[in-house]
Amino acid sequence: MSQFIRPLPESEAELLSLTQDIAGRSLSELAQRINWVVPPDLKHNKGWIGQLLECILGTTAGNLSEPDFQHLGIELKTIPLSAENKAKETTYVCTVPLLEHIGLQWENSCVFKKLQKVLWLPIEADPTLELGQRKVGQGFLWSPSEDELDILQTDWEEFMELISLGQVETITAHLGEYLQIRPKAANASVVTTGIGNNGLRKQTLPRGFYLRTLFTNQILQSQFVGY
DNA sequence: TGGTGATCATAC
DNA sequence: GTATGATCACCA
């Protein structure tokens, strides 16, 4: 094969064309293009698939807090599919602001910004399939509908209210219709500064916003309805 | 058995 | 510690 040249899609159409090109290809085939070794499993390489596809499609944001395709305002998200073609895992969105969020409006939130335009890339994740044999599915661009935005906003405002009242510790992953808040850290001993129940600063576990599989499955179904 | 809480890798 | 990328693993 010829040398792999990292693409830098300049338009949405170009990105969609690249997405079309990788649909149906296996992870080992894509890894080979850029001389990456397929790990035996994801246990110690949880972000491997996401990073592989970022490199294959030519994202530019690195670990900046910006959309993966900065100039296109598009965020890339892989989504692991079970054997029944349903989302296996929740989707991480961004870190929950626990302190510097006073007066923050929904429209200025990281959740709202991240979800403006997403390139969803379904990936086979049936555990009986060897990692390298798993195939990339049909990627598609998505933006939340008005109804979806309403529910996301309601969830977000409920969470931020609790946080500003110093109730972070009472938030469990059971709360929220589309969004949920769960720990987002290397381990349970990591701390960041938040607001305690006395209104004073308090060290607490960093948390992240995640999209429930209920919601991502809804997105998948609306995309592939009648397909 | 699936969802919640916990965890893994890496760059800076 | 923060950010990026997520999946693991246990228990209700």
Side-chain angles (χ1 to χ4, degrees), chain A residues 27 30-31 34 36-70 74-101 109-111 113-115 118-132 134 136-137 139 155 159 162 168-194 201-218:
Chain A
L27 296 183
L30 295 177
I34 55 178
W36 279 23
V37 175
V38 180
D41 56 60
L42 297 176
K43 188 171 178 179
H44 298 285
N45 298 274
K46 295 182 180 179
W48 186 79
I49 296 177
Q51 286 160 352
L52 173 69
L53 273 304
E54 281 190 342
C55 197
I56 291 289
L57 293 178
T59 61
T60 58
N63 62 353
L64 300 177
S65 298
E66 298 193 24
D68 294 307
F69 302 95
Q70 299 167 287
I74 295 173
E75 177 73 15
L76 175 65
K77 290 289 182 196
T78 59
I79 176 165
L81 298 183
S82 67
E84 298 77 35
N85 286 325
K86 292 178 71 177
K88 272 186 63 181
E89 301 284 349
T90 55
T91 301
Y92 172 68
V93 182
C94 59
T95 300
V96 178
L98 297 178
L99 201 59
E100 311 299 334
H101 64 273
S109 71
C110 65
V111 178
K113 290 178 184 171
K114 283 258 178 180
L115 299 182
V118 179
L119 177 64
W120 293 103
L121 225 43
I123 314 283
E124 286 181 341
D126 177 348
T128 66
L129 289 174
E130 202 180 314
L131 185 54
R134 300 180 189 179
V136 175
D155 283 344
F159 285 129
L162 286 169
V168 197
E169 311 280 6
T170 72
I171 297 176
T172 72
H174 297 277
L175 264 56
E177 187 173 346
Y178 285 173
L179 280 179
Q180 67 179 175
I181 284 182
R182 302 214 310 278
K184 169 63 174 173
N187 57 65
S189 63
V190 174
V191 291
T192 190
T193 306
R201 293 180 177 214
K202 180 176 187 286
Q203 292 303 100
T204 187
L205 187 61
R207 293 136 208 272
F209 284 113
Y210 295 79
L211 301 180
R212 292 186 176 281
T213 52
L214 169 84
F215 183 46
T216 46
N217 276 320
Q218 186 175 303

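All values below were derived from every heavy atom in this structure, side-chain atoms included, with hydrogens, water molecules and symmetry-related copies excluded.
One atom, NZ of A:K46, and another, C1' of C:dT4, lie 15 Å apart when rounded to the nearest Å. Between A:L179 atom CG and B:dG3 atom P there is a gap of 16 Å when expressed in whole angstrom units. In this structure, A:H174 atom NE2 and C:dC11 atom C1' are separated by 11 Å, rounded to whole Å. With rounding to whole Å, A:L119 atom CG is found 13 Å from C:dG5 atom P. Remark: P of B:dC8 and CG of A:D41 are 13 Å apart, rounded to the nearest angstrom. One can place OH of A:Y92 at 17 Å from P of B:dA6, the figure rounded to the nearest angstrom. If you measure from atom NZ of A:K43 to atom P of B:dT7, you get 13 Å, rounded to the nearest angstrom. Protein atom CD of A:E54 is 11 Å distant from nucleotide atom C1' of C:dA6, rounded to whole Å.
Among the atoms of the strands shown, base atoms are found under 4.0 Å from some heavy atom of A:A185. Looking at heavy-atom distances under 4.0 Å, A:Q203 makes no contact with the nucleic acid at all. Across all strands shown, A:K86 has no heavy atoms under 4.0 Å from either base or sugar-phosphate atoms.
Taking for each of A:G47 and A:K88 the nucleotide of DNA chain B with the nearest heavy atom, the 5'-most of the two is the partner of A:K88. Sequence order on DNA chain B of the closest nucleotides to A:R212 and A:N187 puts A:R212 first from the 5' end. Nucleotides of DNA chain C nearest to A:I49 and A:G62 differ in position, and the one nearer the 5' end is that of A:G62.
Interatomic distance, A:L121 CG to A:L119 CG, rounded to the nearest 0.5 Å: 5.5 Å. Interatomic distance, A:F209 CZ to A:L115 CG, rounded to the nearest 0.5 Å: 10.5 Å. Atoms NZ and OH, on A:K114 and A:Y92 in that order, are 7.0 Å from each other to the nearest 0.5 Å.
In terms of phosphate contacts, A:S65 brings a side-chain nitrogen or oxygen within less than 4.0 Å of OP1 or OP2 of C:dT4. OP1 or OP2 of C:dG5 has not a single side-chain nitrogen or oxygen of A:T78 nearer than 4.0 Å. In this structure, A:H44 reaches the B:dA9 phosphate: one of its side-chain N or O atoms is under 4.0 Å from OP1 or OP2. Close to B:dG5, at under 4.0 Å from its OP1 or OP2, lies no side-chain N or O of A:R207. At C:dT4, none of the side-chain N or O atoms of A:K77 fall inside 4.0 Å of OP1 or OP2 (strictly under the cut-off). Taking side-chain N and O atoms only, A:T90 has no distance below 4.0 Å to OP1 or OP2 of B:dG3.
Two residues are said to be in side-chain contact when any heavy atoms from C-beta on lie closer than 4.5 Å; A:Y210 and A:T213 fail this criterion. The shortest distance between side-chain heavy atoms of A:T216 and A:E89 does not fall below 4.5 Å. Looking at heavy atoms from C-beta onward, A:E54 lies out of side-chain contact with A:L57 at the 4.5 angstrom threshold.
For the residue pair A:T204 and A:E169, a side-chain donor N or O sits within less than 3.5 Å of a side-chain acceptor on the partner. There is a side-chain donor-acceptor pair under 3.5 Å between A:R182 and A:T90.
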All N/O contacts under 3.5 Å from nucleotides 10-12 of chain B to the protein, with atom names and distances to one decimal?
residue	atom	partner	partner atom	Å
B:dA11	N3	A:N63	ND2	3.3

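Comparing B:dG5, C:dC8, C:dT2 by their closest approach to the side chain of A:R182 singles out B:dG5. Closest approach to the A:Q180 side chain among B:dT4, B:dG5, C:dT4 is made by B:dT4 (side chain taken as heavy atoms from C-beta onward). With B:dT7, C:dG1, C:dT4 as the choices, the nucleotide that has an atom nearest any side-chain atom of A:T192 turns out to be C:dG1.
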